[in-house]
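Read the numbers this way: they start at 1 and go in the same order the structure lists the ligands and their atoms. Computed from a prediction, not measured in an experiment: that's the story for all the values here. Every heavy atom of this structure was used, including side-chain atoms; hydrogens, water molecules and symmetry mates were not.
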Amino acid sequence: MDIKKIGILGAGTMGAGIAQVCVEAGFKVMLVEIEEGILKGALSKISKAWQKSLEKGKIDDATKTSREALLESSGELSSFKDCDLVIEAIVEEISVKKKVFKAMDEICPDHTILASNTSALSITEIAASTSRTDRVAGMHFFNPVPVMKLVEVIPGSDTSESTIEAVVNLTKGIGKEPVVAKETPGFIVNRILNPLVNEAALAYQEGVASAEEIDKAMKLGAGLPMGPLALADMVGLDIVLHVTETFFKEFGEPKYRPALVLRQKVRAGHLGVKTGKGFYDYAK
Ligand code: 3HC
């Protein structure tokens with residue numbers, strides 16, 4: 001399948017990163033976000049990243065200009081009408097995802113593949129809200145998207161082989177490495193990484209050590225690129241909590257019970273880097 005134009009729904013951390021890497025790979029991108037402030041913030045972040053690359057001599061003026069020309073944005077779902085593939089990266093609420101997939105199914109041409117960047121929700125359930133269950137798949141990116149090489153590709157129960165082939169090829173086309181994983185909660189990476197982060201939160205809550213010490217120990221003693229609590233702050237504590245809650249519900253096992261400290265921080269609005277406070281204080 002010839003993918004020329006990619007739609008991205010949602011201009012939060014993940015959506016902005018996905019839009020950036022797709023443009024950098026030479027694709028036309030339509031970034032759609034209903035909240036104007038979030039869209040402006042994403043466009044400014046992407047523009048700053050390209051400015052930084054220019055200053056570092058990684059790209060020239062012409063490349064920056066051609067990238068800018070490839071990136072369009074809008075506040076309307078109808079702007080996806082000429083996209084060959086749309087990647088949704090909005091809030092992790094199944095009812096909202098189903099609503100937007102139904103709407104995109106009505107707007108997009110027949111051949112368009114609809115993909116979700118969901119961390120832990122069911123692709124089959126999302127696909128069921130459309131009339132193209134064979135052309136819906138999971139395409140799960142990792143934060144920070146411009147740096148992390150992996151994309152997990154997840155077929156739902158009706159996803160066709162040609163859809164998976166197209167998504168795998170596109171993943172390679174944007175310079176990422178695909179790994180196809182079965183539809184199970186958290187797929188591969190979150191299934192294994194999330195319990196580690198939750199365990200770090202439990203250790204913090206029990207007073208085993210401070211956040212700094214827990215992170216230092218895991219970096220120096222387990223060779224992690226960053227400590228699990230700093231990682232949780234970067235990913236967003238709301239996302240970490242949501243993934244952990246999904247595991248607890250879906251697997252039905254106490255080992256996935258979310259640490260209380262995660263709930264408390266989310267209830268207080270301390271979601272990590274994006275709100276200026278989480279396990280660490282970023283406002284300083
Ligand atoms: N956005 C864009 N680029 C970034 C970035 C960001 N947030 N953070 C770092 N970078 C870039 C830097 O600009 C730098 O690029 P350059 O070499 O071209 O100058 C490069 O990455 C290296 O950055 P630094 O030297 O500042 O920092 P590190 O070498 O410590 O790397 C890191 C930072 C890549 C974030 C590294 O610490 C890391 O790999 N951490 C683990 C990340 C991880 O596990 N992510 C997965 C989370 S789970 C997830 O996303 C799934 C979801 O469903 C929850």
Nearest-option assignment for atom 50 (O) of ligand 1, heavy atoms, candidates Thr13, Asn143, Val243: Asn143

Closest candidate by heavy atom, reference atom 36 (C) of ligand 1, pool Gly236, Gly186, Pro225: Pro225

Which heavy atom of the protein is the closest neighbour of [atom], given with residue, atom name and distance?
| atom | answer |
| --- | --- |
| atom 2 (C) of ligand 1 | Pro146 CG, 3.9 Å |
| atom 1 (N) of ligand 1 | Pro144 CB, 3.5 Å |
| atom 3 (N) of ligand 1 | Val147 CG2, 3.4 Å |
| atom 12 (C) of ligand 1 | Lys52 NZ, 4.5 Å |
| atom 51 (C) of ligand 1 | Phe142 CD2, 3.5 Å |

Under the 3.5 angstrom rule, does the side chain of [X] hit a backbone N or O of [Y] as a donor-acceptor pair?
| X | Y | answer |
| --- | --- | --- |
| Asp238 | Leu271 | no |
| Ser129 | Glu125 | no |
| Glu68 | Leu70 | no |
| Asp215 | Ala230 | yes |
| Ser73 | Leu31 | no |
| Lys102 | Lys97 | no |
| Asp158 | Thr133 | no |

Minimum heavy-atom distance between Ile34 and Gly75, given as atom pair plus value: CG2-O, 3.5 Å

Shortest non-hydrogen separation from Ile8 to Cys22 and the atoms involved: CD1-SG, 4.4 Å

Polar side chain donor-acceptor pair, Ser162 to Ser160, under 3.5 angstrom: yes

Any side-chain donor near an acceptor of the partner, Thr244 and Asn198, under 3.5 Å: no

Do any non-hydrogen protein atoms sit less than 4.0 Å from [atom]?
| atom | result |
| --- | --- |
| atom 22 (C) of ligand 1 | no |
| atom 10 (N) of ligand 1 | yes |
| atom 6 (C) of ligand 1 | yes |
| atom 15 (O) of ligand 1 | no |
| atom 53 (O) of ligand 1 | yes |
| atom 44 (O) of ligand 1 | yes |
| atom 39 (O) of ligand 1 | yes |
| atom 31 (O) of ligand 1 | no |

Glu199, CD: over 12 other non-hydrogen atoms inside 6.0 angstrom: no

Row check, Phe279 ring normal vs Lys265 NZ/CZ: under 6.0 Å, within 45°: yes

Residue portion contacting ligand 1 (non-hydrogen atoms closer than 4.0 Å) for Leu224: neither

In terms of atom number and element, which parts of ligand 1 are under 4.0 angstrom from non-hydrogen atoms of [X]?
| X | result |
| --- | --- |
| His140 | 51 (C), 52 (C), 53 (O) |
| Met226 | 37 (O), 40 (N), 41 (C) |
| Lys56 | 16 (P), 18 (O), 19 (O) |
| Ser119 | 52 (C), 53 (O) |

Min heavy-atom dist Lys58 to ligand 1 below 4.0 Å: yes

